[in-house]
A.B. asks: 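Dumping the structure here so I can ask a few things about it.
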Amino acid sequence: MHSRPRAMLLPIVIIAVSLSAPSAISAPWIDAYRDPAARLLGEAMATRFAWERLAYIGDTFGNRLSGSESLEDAIEWAVAEMKRDGLENVHTEPVKVPHWVRGQESAEIVAPRRQRLAMLGLGNSIGTPAAGVEGDLLIVRSFDELDAAGSAVKGRVVLFNVPFTNYGETVQYRSNGPSRAAALGAVAVLVRSVGPPGLRLPHTGALRYAEGAPQIPAAAISTEDADKLQRMQDRGTTVRIHLKMDAKFLPDADSFNVVGEIRGRERPDEVVLVSGHFDSWDVGTGSTDDGGGCVVSWEALRLMKKLNLRPRRTVRVVLWTNEENGTRGALAYRDRHKDELGNHVLMFESDGGVFRPTGFGFSGSDAARAKVTEIAALLRGIQADHISAAGEGADIGPSVQAANIPAMSLDVDGNYFLIHHTDADTIDKIDPMDMSRASAAIAVMAYVIAEMPERLR
Ligand SMILES: [Zn+2]
């Protein structure tokens, strides 16, 4: 889908020029940061380093689900690599993570005619008995339709066929649908994949069983298959579905958040934190979700180190473990760093894919928002200077809420949810120049916030 030219180095010159010419509408104080910002941008845009590093991760370790050997091998590699970059205080922080395994799985129409469905079991789902489960299909398009079906749900395989609007809205059918249908006696749940129509790709993702409700197996099917089943039901055809899943939980596994720093030269205890989550689903290579977010955040520190830029405050990168099916890494960080959360000046997370960066989402005081908006003017040359309403991230969330820390996320322009949690989440969907732009944008923002004399408040 993103067939862009790979090595376009020409724009570097234009960026350098536009950065060196102060804009009439910029705040005067920002002029002191034009030189380091131009150097960070120049260094990032001159190479494909970030993209090559992300490609290496996907090619070498593949996807990285919590509890997997590939995640732990990737973590070990990242520690060694951060040290090689010259980052300081590089270490891991232990986290016990859930260990869910998918196993073999399939879903098919068995009547009126045998046809396989393109499916992926939902993360955290229980498996089926060895022989699978079977039931007549009932399709609903909302929770209201489910509740209206009442006793007709009993013994059925329920399909939630709810077209994608936005993630927050549509994902509730994946998260809560299985327990809602189980409460009415369904034997299994299928969910229309949470994403726009693609090339008949199912999207996995976590479900959340309600406390005390019966647990039934659940899987996502492609939007195309959901549309087909809908047409069949609309014609009055009785469709019988067979679902087989070996999914199960093993005992919790050992994992780690990875931490590296550039220690602040004057106020090392004050921390500007940048981050992404290193775990992924067990499909594709987790390149956009969220290997890319990890690499561009990490890259901000590598660039500073390379250019000998040591800001006043500490800049810390964290590669979180277990965002996808537990957020245990985020909770462990909040608890472990409880006493120093008050020294966190800003927490940043990139977890929306790395496509062309347009700026940042920010949550904090009006004064802090004004400051951040002035800093973003340094990114006009790469059109990444827009500050939008909310800074958020599943991994920074617990700490941000615990200590009321200003929060920031990377805003990008790309079709993230087309490949999100699918086998198509691979490096070829990512433009090397976008990786460089994102790295530069994060580096400039983090550097100025860590360097400016007064603390962001
Ligand atoms: Zn993610």
Side-chain angles (χ1 to χ4, degrees), residues 54 57-58 61-68 70-71 74-75 78 95 97-98 100 120 122-124 164 166-168 170-172 174-175 193-195 201-208 220 255 257-258 273-298 317-333 347-355 357 360-361 390-400 407-412 414-427 429-430 434-435 438 442:
L54 181 60
I57 293 169
F61 304 106
N63 53 56
R64 303 169 302 281
L65 184 59
S66 290
S68 67
S70 55
L71 174 59
I75 286 172
V95 184
V97 296
W100 178 83
L120 273 174
L122 294 185
N124 299 344
F164 181 75
N166 62 67
Y167 194 67
T170 314
V171 78
Q172 56 175 319
R174 187 192 80 206
S175 308
S193 284
V194 182
L201 270 175
H203 298 229
T204 191
L207 61 71
R208 197 169 52 237
S255 190
N257 290 329
V258 180
L273 183 148
V274 295
S275 67
H277 67 86
F278 213 31
D279 68 303
S280 75
W281 281 107
D282 55 339
V283 292
T285 55
S287 293
T288 62
D289 189 13
D290 179 32
C294 289
V295 170
V296 294
S297 298
W298 172 359
V317 59
V318 179
L319 311 184
W320 310 100
T321 192
N322 187 228
E323 188 274 341
E324 295 293 1
N325 62 339
T327 56
R328 299 255 191 103
L331 298 170
Y333 185 93
M347 288 184 86
F348 165 88
E349 180 165 7
S350 169
D351 186 20
V354 178
F355 300 102
F360 299 90
E392 55 201 1
D395 300 289
I396 61 174
S399 297
V400 160
M408 187 178 271
S409 41
L410 185 69
D411 284 347
V412 296
N415 206 347
Y416 184 47
F417 288 105
L418 185 62
I419 57 171
H420 182 248
H421 297 180
T422 74
D423 264 320
D425 181 354
T426 50
I427 184 76
K429 314 302 185 306
I430 304 173
D434 286 343
M435 289 284 292
I442 299 164

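Bear in mind that the values here come from a model prediction, so they are computed numbers and not experimental data. In listed order, ligands and their atoms are each counted from 1.
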A.B. asks: Could you walk me through whether N322 and L71 pass the side chain to side chain contact (heavy atoms under 4.5 Å, CB included) check?
C.D. replies: CA-CA 10 Å; N322 187 228; L71 174 59; over 6 Å; no
A.B. asks: By atom name, which N, O or S atom of H277 is the nearest to the Zn ion (ligand 1)?
C.D. replies: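 Closest N, O or S atom of H277 to the Zn ion (ligand 1): NE2.
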A.B. asks: Please determine whether D290 has a backbone or side-chain N, O or S atom lying under 2.8 Å from the Zn ion (ligand 1).
C.D. replies: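 It does not: D290 brings no N, O or S atom closer than 2.8 Å to the Zn ion (ligand 1).
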A.B. asks: Answer yes or no as to whether an N/O/S atom of E323 is found below 2.8 Å from the Zn ion (ligand 1).
C.D. replies: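 No, E323 does not qualify, because none of its backbone or side-chain N, O or S atoms lies under 2.8 Å.
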A.B. asks: Hey, which of N415, L410, T288, D411 is the one that makes side-chain contact (heavy atoms from CB on, under 4.5 Å) with F355?
C.D. replies: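 So the option named by the test is T288.
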A.B. asks: side-chain contact (heavy atoms from CB on, under 4.5 Å) with Y333: which of I396, V95, L273, D395?
C.D. replies: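 So the option named by the test is L273.
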A.B. asks: Any idea which heavy atoms bring T422 and L201 closest together, and the distance?
C.D. replies: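 Shortest heavy-atom contact: OG1-CD1, 3.9 Å.
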A.B. asks: Quick one: angle D351 OD2 - the Zn ion (ligand 1) - D289 OD1, to the nearest 10°?
C.D. replies: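 It comes to 150°.
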